[in-house]
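Counting convention: from 1, in listed order, for ligands and their atoms alike. Side chains are part of it too, since the values below use all heavy atoms of this structure and drop only hydrogens, waters and symmetry mates.
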Amino acid sequence: MKQIDSYDFSGKKAIVRVDFNVPLNENFEITDDTRIRAAIPTLKTVLAGGGALIIMSHLGRPKGPAEKFSLKHILARVEQYLGVPVKFAPDCQKADEQAAALKPGEVLVLENLRFYAEEEGKPRGLAEDATDEEKKAAKAAVKESQKAFTKKLASYADCYINDAFGTAHRAHASTALIAKYFPEDKMFGYLMEGEIRAIDNVLKNAQHPFTAIIGGSKVSSKLEVLKNLVTKVDNLIIGGGMGYTFIKAEGGSIGNSLHEDDLIPDALEIMALAKERGVNLSLSVQTRVADEFSNEANVKVVPSHEIPDGWQGMDAGPDSIANWKNIILNSKTVLWNGPVGVFEMPNFAKGTLQIAEALAEATAAGAYTLVGGGDSVAAVSQMGYADKVSYVSTGGGAMLEAIEGKNLPGIAAIRED
Ligand code: AMP
């Protein structure tokens with residue numbers, strides 16, 4: 001497998017899949033350019049090495065070409081960060097001449113890949129009453145035309161770089177299928193390399209004790225995460241809304257707290273697995289409860305197994321946090337996914353803030369700490385702790401699937417021969 005650091009880009013055209021799926025306001029102005037900034041080191045490396053760049057990305061979820069989702073809105077920002085003029089191909093499938101004319105140091109951005117259904121390989125515009133047969137035929141047709149779509153993108157360049165971790169869990173034309181056209185000339189960009197290293201640091205090469213803190217709203221959305229982690233960690237902390245299903249499974253009274261009765265058997269199975277493997281599964285012992293789901297609600301602190309009717313768990317109480325902090329500070333590897341309370345409401349953000357603080361403290365003491373997959377990333381950034389932990393993942397869904405133990409197609413396509 002080639003490495004971006006040692007690859008010779010001189011005189012070559014590199015087609016780079018980035019994640020420029022940035023939020024735009026109603027005037028098509030970028031409101032957060034984190035994702036653009038994240039790809040710049042990779043892009044600059046190609047230019048500095050004497051190569052030319054063909055940049056490709058998706059933006060939003062268009063159903064076909066649409067002004068609102070055009071990548072032309074981001075060109076000026078890319079120019080600003082790269083410090084060179086950027087050309088634009090208004091149709092990603094008709095960029096042959098522009099790509100062929102590129103000279104070393106020049107940059108071409110292709111229009112939104114998802115203007116074509118072939119990028120994702122999913123049929124569009126099917127009638128609502130389409131039969132299964134019709135759906136199957138439409139799927140087969142788009143899969144067939146996806147081959148030509150992918151081949152066309154590949155024809156523009158001499159080498160392929162994937163630096164779009166946010167879509168690494170998708171087997172799309174630009175994220176996975178294109179790699180086979182560059183058997184000797186495919187590689188990860190720096191962002192992907194960083195994310196893969198972070199995943200490996202916790203899932204493959206973790207230093208023990210290894211602790212995972214899993215919070216968030218629902219057990220159902222993190223069942224696979226829990227089942228995979230229980231085979232790897234020493235301590236499994238389960239907090240947030242999903243914790244109440246476990247507390248109920250243990251026979252606790254949870255009042256009006258969020259829970260999923262149909263997931264109780266799964267919760268019991270995870271608890272049994274933890275016991276069998278000697279994993280310390282730590283639930284909340286004390287909860288900050290409210291009499292309604294509102295920041296202005298009345299609040300009190302009660303044992304998590306004795307939540308009165310009419311009250312619901314909104315945040316971890318001080319005793320829970322003290323337990324968890326102790327576990328975190330005694331760990332060498334910590335993975336955190338999901339807030340331990342309704343952190344969007346200031347009155348119920350304290351537990352999540354204290355977890356962020358504990359991670360920062362553990363990091364300063366030498367532990368490896370990874371925050372990944374969804375709302376905990378927002379929480380840790382909002383609270384100003386993003387640069388006080390070892391790594392904050394940029395890919396919500398992709399990181400979650402990696403933690404589930406799945407092989408991500410965008411990673412496998414580069415690693416495979
Ligand atoms: P997830 O996307 O699964 O990581 O869930 C994040 C969401 O879980 C956030 O919007 C939190 O407000 C929510 N959450 C955390 N704790 C609770 C709780 N005790 N009750 C209801 N929602 C919660």
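With hydrogens left out, the protein atom closest to atom 2 (O) of ligand 1 is Asp375 OD2, 3.9 Å, a heavy atom. The single protein non-hydrogen atom nearest to atom 19 (N) of ligand 1 is Gly313 O, 3.0 Å, given as residue, atom name and distance. Looking from atom 4 (O) of ligand 1 to the surrounding protein, the closest heavy atom is Lys222 NZ, 2.9 Å. Protein heavy atom closest to atom 5 (O) of ligand 1, with residue, atom name and distance, is Ser217 N, 3.1 Å. Atom 23 (C) of ligand 1 has its closest protein heavy atom at Val342 CG2, 3.6 Å. Regarding atom 16 (N) of ligand 1, its nearest protein heavy-atom neighbour is Gly241 N, 3.1 Å. Summary of contacts: the protein heavy atom closest to atom 15 (C) of ligand 1 is Gly341 O, 3.1 Å.
Between Glu224 and Lys406 there is no salt bridge, since no side-chain N of the basic residue sits under 4.0 Å from a carboxylate O of the acidic one. A salt bridge does not link Arg61 to Glu120: none of the charged side-chain nitrogens sits closer than 4.0 Å to a carboxylate oxygen. Here Lys72 pairs with Glu67 in a salt bridge; the nearest charged N to carboxylate O distance falls below 4.0 Å.
A donor-acceptor pair under 3.5 Å is absent between the side-chain atoms of Lys68 and the main chain of Leu24, judged by distance alone.
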### Query
side-chain contact (heavy atoms from CB on, under 4.5 Å) between Ile355 and Thr352: does it pass, once the steps are laid out?
CA-CA 5 Å; Ile355 294 291; Thr352 300; 5.7 Å; no

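Looking at Glu344 against ligand 1, only its side chain comes within 4.0 Å, counting heavy atoms. Of all the heavy atoms of Gln312, none lies under 4.0 Å from any atom of ligand 1, so neither backbone nor side chain is involved.
Residues Asn323 and Asp319 have side chains that never bring a donor and an acceptor to within less than 3.5 angstrom of each other. When only modelled atom types and interatomic distance are considered, Tyr244 and Asn256 share no side-chain donor-acceptor pair under 3.5 Å. Counting only N and O atoms by type, the side chains of Tyr391 and Glu195 include a donor and acceptor under 3.5 Å apart.
Phe348 does not count as a contact of ligand 1, since none of its heavy atoms falls under 4.0 Å from the ligand. Ligand 1 is never approached by Met345 to a heavy-atom distance shorter than 4.0 Å.
On a distance-only criterion, Asp315 and ligand 1 share no N/O pair closer than 3.5 Å.
Interface of Tyr244 with ligand 1, defined as ligand atoms under 4.0 Å from a residue heavy atom, comprises 19 (N). Shown in contact with Gly240 at under 4.0 Å from a heavy atom are these atoms of ligand 1, numbered in order with element: 16 (N), 19 (N).
Atom-to-atom distance recorded for Arg415:CZ and Ile196:CD1 is 5.0 Å, nearest 0.5 angstrom.
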